[in-house]
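See below for the structure under consideration.
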Amino acid sequence: MSAAKVMAPDVLVVGGGPAGLSAATALKELGIGKVVLLERDTVVGGIPRHCGHSPFGMREFHRILSGTGYAARLEARARERGVEILTRHSVLSVQDSVVKAVSPEGPVDYRPRRILLATGTREASRAARLVSGERPLGILNTAALQAYVHLEKLAPFRRPVIVGTELVAMSAILTCLSGGIRPAAVIEPNAYPTARFPFWLLPRLFGIPVHYRTEIGTIAGKGRVQEVIARSEAGNRSIDCDGVLFTGAFTPESALARLGGLAIDQGSGGPVVDAFGRTRAPTIFAAGNLLRPVETAGWCWAEARRIAGSIARDLEGGLPPRQAAIPIRTGAGIKLVMPQEIDVKEIDRATLPRALPALQLRLSRRLKGTLALTAGDTVLWSRSISSGPERRVLVPLEHLVIPPAATELTLELRHGRGISP
């Protein structure tokens, strides 16, 4: 095997979705010399490039675009700014600030000054959900559906059962309808839809039955899916269909971070970061849906631009030491908090803004009561909440004053209760 070619860009971005493209573009706009972006696929753009429907692009381009058009504009802007985009480059490892990759031309070792991981997220598979039954044709996730319909112009089924009511499930319904596919039903294990109002009204608008407190039991079919047995408190229900579409239940694509020895947060599944998007390895940053499952393309775009600002400042020696951070512990019913660590000392926010200006929460069940952030017996912040799983809840850091002696912060629900799913 030939020796690996060695390259030393200022910043190496791993992942060509909205976050990676946004950060790379912002870095060039901030005057960073050589910015290289690696993408394992043949085309950059991430999940949006599979989405033929709108709306994308309002905050980025001030117009409504399809996902495909949005991804193309992100790529064009990055190239215009001078980002070197390399597709069909698979990263094998990120270790000790060295990134080992393979390309059609052979192995390449990158020794950048800073690394940004933006490897995105993926939906939970049937195996991960422990769904039993036969294995006929017609079982997909949303990304595969969108590739069939929008890229291949094919309909993989005609009457699928859709599992889940996250925002991505609503996207899947739009994709189905655009391809002449009429879902037979939507199944949701919780008592409430996960997507916010008015998005969860979409199935009702098109007359698609939605079954709450229902789980997919067995998938049956000879050659192709023919039936789904759905389980609920009222008993089993047979649904005639020709496919099953698993949506949501996202997990960050954190394999590179794990193999590289980065600290991984058990709640989010992504790397532990501080309020600048910096991992515990001081030269490695993370952005996009690697940080938590899952946010919209527009949110990831804006967040990644701020993290690019942190990287640019760090290259100039302008960030505080990484060890000056304290962890945040979460109470019952809170699935995750991100960032997991925040700076201890007061910073000049005018000259050193946090890339992640708020703690981002996800709940594991519906909660109602007073959410409080505390340091020992001192309440640093609190407010009333009534929210459900996977919905964005923010705790602003702007006016937070952390006691100098604090060694840990706690985020928990006080004077409230969990509501059964």
Side-chain angles (χ1 to χ4, degrees), residues 17-19 46-48 50-51 53-56 67 120-126 128-131 139-147 149 160-177 181 183-206 208-216 228 230 243-253 267-270 288-300 333-336 338 360-367 386-394 419 421:
I47 291 174
H50 298 101
C51 300
H53 60 77
S54 60
F56 289 86
T121 187
R122 56 183 168 80
E123 289 174 295
S125 65
R126 172 186 177 172
R129 300 172 195 245
L130 304 178
V131 176
I139 303 173
L140 305 175
N141 62 15
T142 310
L145 168 71
Q146 291 171 334
V149 173
V161 168
I162 296 177
V163 181
T165 58
E166 293 182 42
L167 190 60
V168 68
M170 307 303 116
S171 174
I173 290 173
L174 292 176
T175 298
C176 284
L177 297 174
I181 300 167
V186 174
I187 290 175
E188 168 57 53
N190 294 318
Y192 308 91
T194 303
R196 290 182 181 273
F197 178 86
F199 301 106
W200 59 262
L201 293 175
L202 190 66
R204 182 184 301 179
L205 179 64
F206 289 100
I208 302 169
V210 181
H211 305 297
Y212 293 105
R213 295 186 185 274
T214 302
E215 295 182 345
I216 189 165
V228 160
V244 177
L245 183 65
F246 290 104
T247 71
F250 286 96
T251 303
E253 288 278 15
S268 69
N289 282 325
L290 173 62
L291 295 176
R292 93 266 78 190
V294 62
E295 272 293 354
T296 63
W299 181 277
C300 291
I334 300 177
K335 177 181 176 181
L336 66 93
M338 195 285 299
Q360 302 173 33
L361 280 65
R362 296 291 186 278
L363 308 180
S364 58
R365 62 180 187 270
R366 290 182 66 87
L367 295 179
S386 179
S387 190
E390 303 304 331
R391 296 179 183 178
R392 183 193 305 147
V393 180
L394 301 179
I419 303 172

Taking all non-hydrogen atoms of both residues, which atom of [X] and which atom of [Y] are closest, and how far apart?
X      : Y      : result
Val168 : Gly248 : CG1-N, 3.4 Å
Leu336 : Gly267 : CB-C, 3.7 Å
Glu215 : Pro189 : CG-CB, 3.9 Å
Pro203 : Met170 : CD-SD, 3.8 Å
Arg292 : Cys300 : NH2-SG, 3.9 Å
Arg129 : Ala249 : NH2-CB, 3.9 Å

As an exercise, state the distance from [atom1] of [X] to [atom2] of [Y], rounded to the nearest 0.5 Å.
X      : Y      : atom1 : atom2 : value
Ser171 : Gln146 : OG    : CD    : 4.5 Å
Leu177 : Leu205 : CG    : CG    : 9.5 Å
Leu145 : Cys176 : CG    : SG    : 5.0 Å
Thr165 : Leu202 : OG1   : CG    : 12.0 Å
Leu245 : Ile139 : CG    : CD1   : 11.0 Å
Leu363 : Ile334 : CG    : CD1   : 6.5 Å

Item to check | Candidate pair Asn141 and Ser125, rule side-chain contact (heavy atoms from CB on, under 4.5 Å), full reasoning | outcome: CA-CA 7 Å; Asn141 62 15; Ser125 65; over 6 Å; no

Item to check | For Glu390, all residues meeting salt bridge (Lys or Arg N to Asp or Glu O under 4.0 Å), sequence neighbours excluded | outcome: Lys335

Item to check | Arg362: partners by salt bridge (Lys or Arg N to Asp or Glu O under 4.0 Å), with sequence neighbours left out | outcome: Glu295

Item to check | Cation over ring face, Arg126 and Phe246, 6.0 Å, 45° | outcome: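 Cation-pi check for Arg126 and Phe246: fails.
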
Quick one: does [X]'s side chain have a donor or acceptor within less than 3.5 Å of a partner on [Y]'s backbone?
X      : Y      : result
Arg196 : Arg391 : no
Thr121 : Val294 : no
Thr247 : Thr142 : no

Checklist entry - Going by distance alone, is a donor N or O of one side chain under 3.5 Å from an acceptor N or O of the other, for Arg392 and Gln360? => result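 The answer is no; no qualifying pair exists.
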
Next on the checklist: Side chains of Glu123 and Thr251 only: does a donor on one sit below 3.5 Å from an acceptor on the other?
Outcome noted: no

Checklist entry - Taking it one step at a time, do Val186 and Val163 satisfy side-chain contact (heavy atoms from CB on, under 4.5 Å)? => result CA-CA 6 Å; Val186 174; Val163 181; over 6 Å; no

Item to check | Pro48: side-chain contact (heavy atoms from CB on, under 4.5 Å) partners, not counting sequence neighbours | outcome: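 Result, side-chain contact (heavy atoms from CB on, under 4.5 Å) vs Pro48: Pro18, Phe56, Tyr70, Ala297.
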
Checklist entry - Going by heavy atoms in the side chains, are Ile173 and Ile162 under 4.5 Å from each other? => result yes

Next on the checklist: Taking the side chain as everything from C-beta on, heavy atoms only, tell me whether Leu367 gets closer than 4.5 Å to Ser387.
Outcome noted: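 With C-beta onward as the side chain, the pair stays apart.
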
Next on the checklist: Using the rule given for side-chain contact (heavy atoms from CB on, under 4.5 Å), can you reason through Phe250 versus Glu166, listing the C-alpha separation, both sets of side-chain angles and the distance that settles it, and then say yes or no?
Outcome noted: CA-CA 10 Å; Phe250 286 96; Glu166 293 182 42; 3.8 Å; yes

Next on the checklist: If you apply the rule side-chain contact (heavy atoms from CB on, under 4.5 Å), what do you find for Asn190 with Tyr212, and how did you get there?
Outcome noted: CA-CA 6 Å; Asn190 294 318; Tyr212 293 105; over 6 Å; no

